[in-house]
Amino acid sequence: MKAKKIFGGIFFATLLSFGIAQGIVAAQYFTDGTSPVTNLPPGLKFDPSKSLTSDNSGLNPGYMITPPPNTRPVDPNDPLPNVTATSAVVIEASTGHIIYSRNADQQMFPTSTTKMATLIMALESGKISEIVNISTNASGTEGSTLWLEPNEKIPLNDLLYGMIMVSANDASIAVAEHVDGSVQNFVEHMNQRAAELGATGTHFNNPHGLPDNNHYTTAHDLALLAVHGYTLPGFEEIVSAQEASFGWIHDKTKTLHTENQMLWLYRGSNGIKHGSTKNSGRCVISAAKRDGIQIIAVILDSLYMWNDSIYLLDYGFANVKPETLVSSVNVVKTLPVVSGRRKSMPVKTASDIVVPIFQNDSDAYQIEYDLPEFLTAPVKINETIGKAHVICDGKEIASTDIITTADVEHKSFFRWLVNKIHNFLA
């Protein structure tokens, strides 16, 4: 078993090195004065088929990546002809709006992007702080690994970092067994949860993504699962981690380094997962957040996965702009105050709400306010007294508290009487 694991580790390390080398052509840097996306003249759209600018990547300013041409056939109407993925989609997370799509509902092999779904199940299990006892079955799992040993006891949360950062298959099995008692039970519940979240074209047969003809998904389904993932506490921290240290790691450095190159290559990148097998090709779920806008891009079966990811994220940000729909500076309403030393109180939101605007369609949003008809003294400043909701297509996409703007003391009977006498005499 040890020999098999060592051989498997060497094999997958070789595959990983080859995948990184083939996934991005990052050695061809040339000085260039290309205008960054954010500074283009009004009305002019960025053409990501021409260059990958360092304004968006993590490269030095004034440089660009010159990618190789796409050797695969592309629809003549496709706005991103240099994207090499068979299937791809770009969506804005809060609305689910599809910005770009290529065969997004085509059944594909997900490879290790599967681990995103495993992460979601673990985070929703309520067992995140529990200790996992590593089984012989988990420690013997082939492929990329953390070299877990039978009967090791490791916090579940730590295993999730290892599972995502270095795509550890043994950690995936250990997580599944701990969360649901067995891999079979876990996968069954993972499929149920995927369907509940709208991923109806997906069927998982394992928690790690190793090849299986009955293990498939679609680019759009993975994007939907990613959208849900970012709503879960702990998800973003794990999928965006570049480095993590744990005492149980079987390496003298005791440190994990993520294999997700986008976390260094792309400005605003905040996750999430990639993988590659012979059957699936190179697959990446990538994400980035800027100015309150979260973009998620999925590519399946790509020739140059990092280049494709940069193209897609660039296209996403070029076709959506942030707009402050609710501002914490503005007064929402002035409410009457009962039994207070002042008769009314202006109230405002605790924070801004920034929404994505597609093709200047700000009319797609409605704002609903939950407010009392009046306030009753005493009232404290910054006291939460209601909620502002932003609705798009019947779905709430954002909300913030509505708060008071001043202290109001209770008006006592004695003071009321004094005021009455004062007013009478005046």
Q: Donor-acceptor pairs under 3.5 Å, side chain of residues 326-333 to any protein atom, not counting sequence neighbours: which ones?
A:
{"unit_1": "Ser327", "atom_1": "OG", "unit_2": "Val329", "atom_2": "N", "d": "3.2"}
{"unit_1": "Ser328", "atom_1": "OG", "unit_2": "Asp352", "atom_2": "OD1", "d": "3.0"}

Q: Quick one: pull up NZ in Lys387 and OG in Ser399 and give me the separation to the nearest 0.5 Å.
A: 4.5 Å

Q: Tell me if the CD atom of Gln184 is crowded by more than 12 foreign heavy atoms within 6.0 Å.
A: no

Q: Any ion pair linking Glu236 and Lys289 (charged N to carboxylate O, less than 4.0 Å)?
A: no

Q: Charged N to carboxylate O under 4.0 angstrom, Arg282 versus Asp301?
A: no

Q: Check whether more than 12 heavy atoms from other residues, nucleotides or ligands sit under 6.0 Å from atom CG of Asp393, and answer yes or no.
A: no

Q: If you take all heavy atoms of Pro207 and Ile173, which pair is closest and at what distance?
A: CG-CD1, 3.8 Å

Q: What is the minimum heavy-atom distance between Val90 and Ile295, and which atoms define it?
A: CG1-CG2, 3.6 Å

Q: Could you give me the CA-CA distance, side-chain angles and deciding distance for Leu335 and Val337, then say whether side-chain contact (heavy atoms from CB on, under 4.5 Å) is met?
A: CA-CA 6 Å; Leu335 296 175; Val337 178; 6.0 Å; no

Q: In sequence, state the C-alpha distance, the side-chain angles, and the governing distance for Ser344 and Thr334, and then conclude on side-chain hydrogen bond (donor to acceptor under 3.5 Å, both in side chains).
A: CA-CA 6 Å; Ser344 62; Thr334 299; 5.9 Å; no

Q: Would you give the length of the straight line joining atom CD of Glu396 to atom CD1 of Ile391, rounded to the nearest 0.5 angstrom?
A: 5.0 Å

Q: If the plane angle is over 60° it's perpendicular, under 30° parallel, otherwise tilted; pick one for Phe246 and Tyr161.
A: tilted

Q: Check the surroundings of atom CG in Asn213: do more than 12 heavy atoms from other residues, nucleotides or ligands lie under 6.0 Å from it?
A: no

Q: Between atom CG of Leu160 and atom CD1 of Ile128, what is the distance when rounded to the nearest 0.5 Å?
A: 4.5 Å

Q: Tyr100 vs Tyr315 aromatic rings, parallel, tilted or perpendicular, using cut-offs 30° and 60°?
A: perpendicular

Q: Around Phe374, counting heavy atoms of other residues, nucleotides and ligands shown, do more than 12 lie under 6.0 Å from its CZ?
A: no

Q: Is the number of heavy atoms from other residues, nucleotides or ligands within 6.0 Å of CD (Gln192) greater than 12?
A: yes

Q: If I compare all heavy atoms of Glu177 with all of Ala138, which pair ends up nearest, and what's the gap?
A: OE1-CB, 4.0 Å

Q: If you round to the nearest 0.5 Å, how far is CG of Leu300 from CG of Leu222?
A: 6.0 Å

Q: Going through the distances and angles, do Thr258 and Asn260 end up as a side-chain hydrogen bond (donor to acceptor under 3.5 Å, both in side chains)?
A: CA-CA 5 Å; Thr258 185; Asn260 183 358; 5.3 Å; no

Q: Could you state the interatomic distance from OG (Ser112) to NZ (Lys273), rounded to the nearest 0.5 Å?
A: 4.5 Å

Q: Nearest 0.5 Å, what's the CG-OG1 distance between Asn103 and Thr218?
A: 11.0 Å

